[in-house]
Amino acid sequence: MERVYNFSAGPAVLSVPVLEQVQAELLSYNGSGMSVMELSHRSSWFQQIMDDAEALLRELMNIPSNYQVLFLQGGASLQFSMVPMNLAKNKKIAFVDTGSWSKKAIEEAEKMKDMQVEVIASSKEKNYASVPEIPAVETDIDYLHITTNNTIEGTCYFTAPTTNGVPVVADMSSNILSSEYNVADFGLIYAGAQKNIGPAGLTVVIVREDLIAESLPGLPSMLDYKLQAKNGSMYNTPPTFAIYVAKLVFEWIKELGGVSAIEAINREKAALLYDYLEESTLFSSPVEKAARSLTNIPFVTGNPELDKKFVSEATAAGFVNLKGHRSVGGMRASLYNAFPIEGVTALVAFMQKFAENEGEK
Ligand code: PMP
């Protein structure tokens with residue numbers, strides 16, 4: 001069966017070698033006579049998968065040994081609550097507002113009793129077409145939250161802010177493992193798996209141990225990082241199949257040469273599309289150059305009817321899920337790690353032809 005070019009923002013494209021390995025091992029994993037879905041999470045087969053997944057992620061992201069790696073559930077959205085529940089000891093936290101997902105994180109924190117939530121920078125005035133410079137933070141806050149990559153708006157921070165020792169918490173859902181970050185610059189990193197890591201249902205949390213040394217009182221067990229860490233992310237049944245596929249994805253990234261190698265490919269892929277958007281008189285990028293994401297690339301014709309026509313013709317030609325998020329319209333190409341470069345070249349050729357047909361001069 002033909003595979004399409006899938007530009008979905010998540011759940012997103014997985015690499016064919018990973019899918020083929022899943023297929024090959026589906027009926028009997030490693031001589032067990034069972035699929036991974038059927039293995040007990042307490043079996044030595046699954047424990048090995050879990051250990052390998054963690055070791056590979058540590059290696060790929062160069063995670064220091066004083067950080068815990070957790071494989072949890074509930075999506076990145078649960079982290080909007082879990083992070084303040086665990087880390088806000090003084091109930092004073094700060095946020096950078098860079099669009100839809102950061103706003104959701106802010107709203108969830110604001111729901112918490114007696115929580116002082118301050119938004120210290122925002123690109124709202126610029127319609128979120130860039131990311132704001134981050135000012136100095138007060139040193140009595142528990143942490144500063146940023147969204148490294150804004151999936152809907154297509155903007156990105158490529159480095160961590162400097163905060164005078166205040167822990168930085170980062171939602172890396174849409175660019176974890178796509179470009180290099182120094183984990184030690186962050187107190188906590190979280191990401192839903194369904195873009196760059198594997199199937200939906202798994203959420204990765206990387207947290208500095210000293211930040212979870214004491215569980216805050218009254219925390220439900222499932223929401224307690226310290227307890228999850230103590231139990232090796234197996235306080236209850238973990239999302240076993242998603243963790244297994246994540247392990248295969250980590251192996252695939254390692255074989256390609258690791259995150260620096262994949263970042264170079266991602267830069268090449270993104271440049272193909274951004275360069276065309278610069279030269280086209282029909283299509284353009286609404287995002288300021290310095291803040292342009294490598295993984296989520298929105299573009300518009302400026303005419304909603306024409307955008308619709310483009311999406312419909314592109315879909316018919318095998319370029320699927322290019323419709324922009326319902327909140328912003330236009331188009332969006334998500335180019336995560338597993339998206340092949342040939343797909344970007346083919347998309348640009350298709351856009352050129354569409355523009356010619358629409359009478360681009
Ligand atoms: N944060 C960001 C940056 C996202 O892109 C998303 C999902 N698209 C979320 C959070 C929410 O993730 P989930 O659906 O896993 O809760």
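Numbering of ligands and ligand atoms starts at 1, following listing order. FYI, the numbering just counts along the sequence from 1.
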Query - Sole residue of Y276, F310, Y5 in ring pair (Phe, Tyr, Trp, His ring centres under 6.0 Å) with F350 - result: F310

Report task. Classify the ring geometry between F283 and F299 as parallel (under 30°), tilted (30 to 60°) or perpendicular (over 60°). Result -> perpendicular

Query raised in the report: Is the Y181 ring parallel, tilted or perpendicular to the F186 ring (thresholds 30°, 60°)?
Result: perpendicular

Query raised in the report: Regarding N266 and Y336, is there a side-chain donor-to-acceptor distance under 3.5 Å anywhere?
Result: no

Report task. Tell me yes or no: between the side chains of N296 and T151, is some donor less than 3.5 Å from an acceptor? Result -> no

Between ligand 1 and the protein, which N/O pairs are shorter than 3.5 Å?
unit_1, atom_1, unit_2, atom_2, d
ligand 1, 1 (N), D171, OD2, 2.6
ligand 1, 5 (O), W101, NE1, 3.4
ligand 1, 5 (O), T151, OG1, 2.4
ligand 1, 8 (N), K195, NZ, 2.8
ligand 1, 14 (O), Q194, NE2, 3.4
ligand 1, 15 (O), A76, N, 3.0
ligand 1, 15 (O), Q194, NE2, 3.0
ligand 1, 16 (O), A76, N, 3.2
ligand 1, 16 (O), S77, N, 2.8
ligand 1, 16 (O), S77, OG, 2.6

Query raised in the report: Who are the side chain to side chain contact (heavy atoms under 4.5 Å, CB included) partners of V117, not counting sequence neighbours?
Result: I93, F95, I106, A109, E110, M115

